[in-house]
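Structure record follows, encoded as structure tokens.
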Amino acid sequence: MDVNPDDEPIELGQTGVRVRVVAGSRRHPGADAVLRALVAETAAVPAGDVELVHACERCGARHGRVTVAYPLTASGSPRYADVAIHGDAIVAATGTRHPLGGAVEPVALAAGAVIDEAALHPDERAALRGLAADEAALARATLWARKTALLRALGHSDFIEPSRLAISDPRLDGGVGRIERGVPEFGSFWRDVVFHDVAVPGRRAATVAVIG
């Protein structure tokens, strides 16, 4: 099934990253098809020629962002890409300058204290207290989507507990988030991470994390 050309890509600021959201269809083309089409458009090659690899380059496991085996850039450098899916919503992203990762998370009213402690930094949990249930659920889902997107962008790396990272409040940062409290393993690298929230229909939060 072809990707609808009317689904115009979104440009993420000055990053050079392009994002396409496909949602609301009973018969969507599939995550890989959406990503192939987006990469093909940006590289000016046929979609059928785009080669995607889901296995990690270091360990062979299926984790982290997608690798674009073909095409490379004109200089021979890799293209960065990822795709995330939840229900009928697909978010695909690609660029040539910065590693990236994507995520889509459902907005759930009841997360549970145990899940919050495992996923959220104490500063983040404190910011959620006192919010109305709907508002807290959306903020929680956005924070978790941001952290998931970052871990996908990092790919094969030492495990980092999500609760050790504090990310800016999505209600206050205008949908462009930053890491406010990093971890020693990141060094100063965490200052170069930007989270770009992407609008998707339904009760979902979507984000593309861009490194650098």
Side-chain angles (χ1 to χ4, degrees), residues 1-106 144-157 175 193-202 204-212:
M1 184 176 178
D2 294 333
V3 176
N4 186 350
D6 293 334
D7 297 321
E8 287 295 327
I10 303 164
E11 301 280 348
L12 297 185
Q14 303 300 313
T15 64
V17 175
R18 303 181 83 194
V19 177
R20 171 169 281 136
V21 176
V22 177
S25 173
R26 292 182 179 180
R27 294 183 63 243
H28 57 61
D32 277 7
V34 174
L35 183 55
R36 281 195 184 93
L38 181 61
V39 172
E41 288 176 23
T42 59
V45 302
D49 290 351
V50 176
E51 297 179 18
L52 305 177
V53 178
H54 290 274
C56 174
E57 295 177 330
R58 288 181 57 183
C59 70
R62 189 182 175 100
H63 70 92
R65 56 183 164 80
V66 179
T67 298
V68 181
Y70 180 86
L72 301 178
T73 66
S75 64
S77 300
R79 292 179 182 275
Y80 299 106
D82 200 16
V83 63
I85 183 170
H86 179 269
D88 64 352
I90 299 171
V91 176
T94 188
T96 60
R97 303 203 305 264
H98 306 288
L100 57 87
V104 184
E105 295 292 334
W144 183 236
R146 290 175 174 185
K147 294 185 182 188
T148 301
L150 174 59
L151 293 176
R152 288 188 60 82
L154 292 173
H156 190 108
S157 62
V193 177
V194 183
F195 302 95
H196 297 265
D197 297 337
V198 179
V200 292
R204 292 174 283 222
T207 297
V208 175
V210 181
I211 300 176

Quiz item: In Å, rounded to the nearest 0.5 Å, how long is the span from CG of Leu100 to OG1 of Thr207?
Solution: 12.5 Å
Quiz item: Counting N and O atoms only, with roles assigned by atom type, does the side chain of Thr94 sit under 3.5 Å from a partner on the main chain of Tyr80, one being a donor and the other an acceptor?
Solution: yes
Quiz prompt | Smallest separation among heavy atoms of Leu35 and Ala93, with atom names | solution = CD1-O, 3.7 Å
Quiz item: What residues, two or more places apart in sequence or in another chain, satisfy side chain to side chain contact (heavy atoms under 4.5 Å, CB included) together with Pro106?
Solution: His86
Quiz item: How long is the gap from CZ on Arg20 to CD on Glu8, to the nearest 0.5 Å?
Solution: 7.0 Å
Practice problem: Output the distance between atom CG (Asp197) and atom CG (Leu12), rounded to the nearest 0.5 Å. | Solution: 10.5 Å
Exercise. Measure the NE2-CG distance between His54 and Asp82 for me, rounded to the nearest 0.5 Å.
Key: 9.0 Å
Quiz item: Can you name the nearest heavy-atom pair linking Ala89 to Ala23, along with the distance?
Solution: CA-CB, 3.9 Å
Quiz prompt | Where Pro9 and Arg18 come nearest, the two heavy atoms and their spacing | solution = CG-NH2, 3.6 Å
Quiz item: What residues, two or more places apart in sequence or in another chain, satisfy side chain to side chain contact (heavy atoms under 4.5 Å, CB included) together with Ala153?
Solution: Ile211
Exercise. Check Ala149 against Ala103 and note the closest heavy-atom contact, atom names and distance.
Key: N-CB, 3.7 Å
Quiz item: Are the side chains of Val83 and Val91 in touch, meaning some heavy atoms are under 4.5 Å apart?
Solution: no
Quiz item: Quick one: are Arg204 and Glu105 in side-chain contact, heavy atoms under 4.5 Å?
Solution: no
Quiz item: If every non-hydrogen atom of Leu150 is compared with every non-hydrogen atom of Ala209, which pair is closest and at what distance?
Solution: N-CB, 3.7 Å
Quiz prompt | For Thr15 against His196, the heavy-atom pair lying closest together | solution = CG2-NE2, 3.9 Å
Would you mind writing out the side-chain donor-acceptor pairs for residues 42-50 within the sub-3.5 Å range, not counting sequence neighbours?
from  : atom 1 : to    : atom 2 : distance (Å)
Thr42 : OG1    : Leu38 : O      : 3.4
Thr42 : OG1    : Val39 : O      : 2.9

